[in-house]
Amino acid sequence: MRLFLLGSIGLMACDDLPLSAEWEEIELIDEGTLCLERSGTLLTVTVVGAECLSGSCTRNRSGTCSVSADGANLVLFSDIAWERRREPATCTDDCVAVVATCTTEVDAKPTSFMVTHGIATRAVDVGGSGACGGYYTTY
């Protein structure tokens, strides 16, 4: 009888492991690959934090950003996060992207912007509507 009770207690303890033992949080603040797209005076900024994560080994994927424009200068803030399974894990080969998208109104003339994203400031060209023409990475 004692062995059965101890075995049952051991099984319950394994099933009740805290999530932190199996999952770890990844957060990218003001980091990622940028894409700037324009449609008239509306500028859409997409920040790609991770392009190809396994859907079975990640969860709680989220991304937020805000961008403000002053002439040809942009200030961008982004926060991209997800949880991933700790090793060892068997994961599927699917590809899930984690992105944040935000918009701002800009002057009609600039085709290039100085973008401040985190500690990096770089010139980025703007792609047309539906074309992701301006990429750079802040990692």
Side-chain angles (χ1 to χ4, degrees):
M1 184 68 112
R2 284 185 185 168
L3 290 176
F4 177 76
L5 289 176
L6 290 175
S8 296
I9 292 170
L11 287 175
M12 288 187 339
C14 288
D15 289 342
D16 293 334
L17 286 175
L19 292 178
S20 60
E22 187 178 349
W23 296 91
E24 65 181 323
E25 185 175 3
I26 308 298
E27 185 172 28
L28 302 177
I29 297 174
D30 296 333
E31 295 181 47
T33 302
L34 299 189
C35 176
L36 277 57
E37 298 176 273
R38 163 184 264 164
S39 179
T41 59
L42 183 67
L43 183 72
T44 300
V45 179
T46 301
V47 184
V48 181
E51 291 184 13
C52 197
L53 297 173
S54 169
S56 66
C57 283
T58 59
R59 66 181 188 184
N60 297 330
R61 296 174 293 273
S62 66
T64 60
C65 68
S66 65
V67 61
S68 60
D70 182 12
N73 297 307
L74 301 176
V75 177
L76 172 66
F77 299 99
S78 66
D79 186 357
I80 297 174
W82 66 93
E83 292 178 357
R84 71 176 173 199
R85 285 192 189 274
R86 294 184 186 273
E87 297 294 333
T90 302
C91 303
T92 55
D93 287 335
D94 56 336
C95 243
V96 178
V98 183
V99 301
T101 302
C102 46
T103 60
T104 190
E105 291 289 327
V106 295
D107 295 333
K109 295 193 185 224
T111 58
S112 177
F113 290 89
M114 289 301 292
V115 180
T116 300
H117 186 215
I119 60 172
T121 300
R122 295 197 174 105
V124 179
D125 293 329
V126 179
S129 179
C132 221
Y135 278 100
Y136 81 89
T137 303
T138 60
Y139 292 119

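- In terms of heavy-atom proximity, Cys65 sits nearest to Thr101 at SG-C, 3.3 Å.
- With rounding to the nearest 0.5 Å, the separation of OG1 in Thr121 from CE in Met114 is 6.0 Å.
- By the 4.5 Å heavy-atom criterion applied to side chains, Asp94 and Ser54 are counted as neighbours.
- Once rounded to the nearest 0.5 Å, the distance linking CG of Leu43 with CD of Glu105 reads 9.5 Å.
- The OG atom of Ser78 sits 8.5 Å away from atom CD1 of Ile29, with the distance rounded to the nearest 0.5 Å.
- Grouping the Ile, Leu, Val, Met, Phe, Trp and Tyr side chains by contacts below 4.5 angstrom, directly or via other members, places Ile26 with Val47.
- Here Arg85 contributes atom CZ and Glu24 contributes atom CD; the two are 12.5 Å apart, rounded to the nearest 0.5 Å.
- Residue Asn60 qualifies as enclosed at atom CG: its count of foreign heavy atoms under 6.0 Å is above 12.
- At a threshold of 4.5 Å between non-hydrogen side-chain atoms, the residues Trp82 and Val96 do not count as touching.
- Residues Asp30 and Phe77 come closest through the heavy atom pair OD1-CA, 3.2 Å.
- Taking both residues in full, the closest heavy atoms of Ala89 and Arg86 are given as CB-O, 3.7 Å, listed atom of the first, atom of the second, then distance.
- Between Leu76 and Leu34, the closest side-chain pair of non-hydrogen atoms falls below 4.5 Å.
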*Intermediate values then yes/no, side chain to side chain contact (heavy atoms under 4.5 Å, CB included), Val106 and Val126*: CA-CA 12 Å; Val106 295; Val126 179; over 6 Å; no

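- Residues Ser112 and Ala123 approach most closely at OG-CB, 4.3 Å, considering heavy atoms.
- Here Ser62 contributes atom OG and Glu83 contributes atom CD; the two are 9.5 Å apart, rounded to the nearest 0.5 Å.
- In this structure, Ile80 and Gly49 approach most closely via the heavy-atom pair CD1-N, 3.5 Å.
- Using a 4.5 Å heavy-atom cutoff, the side chains of Thr58 and Arg84 are in contact.
- Proximity of Pro110 to Arg38: side-chain heavy atoms (C-beta onward) are separated by under 4.5 Å at one or more points.
- Residue Thr44 comes nearest to Thr103 through the heavy atom pair OG1-CG2, 3.5 Å, listed as atom of the first residue, atom of the second, then distance.
- Using a 4.5 Å heavy-atom cutoff, the side chains of Val98 and Leu28 are not in contact.
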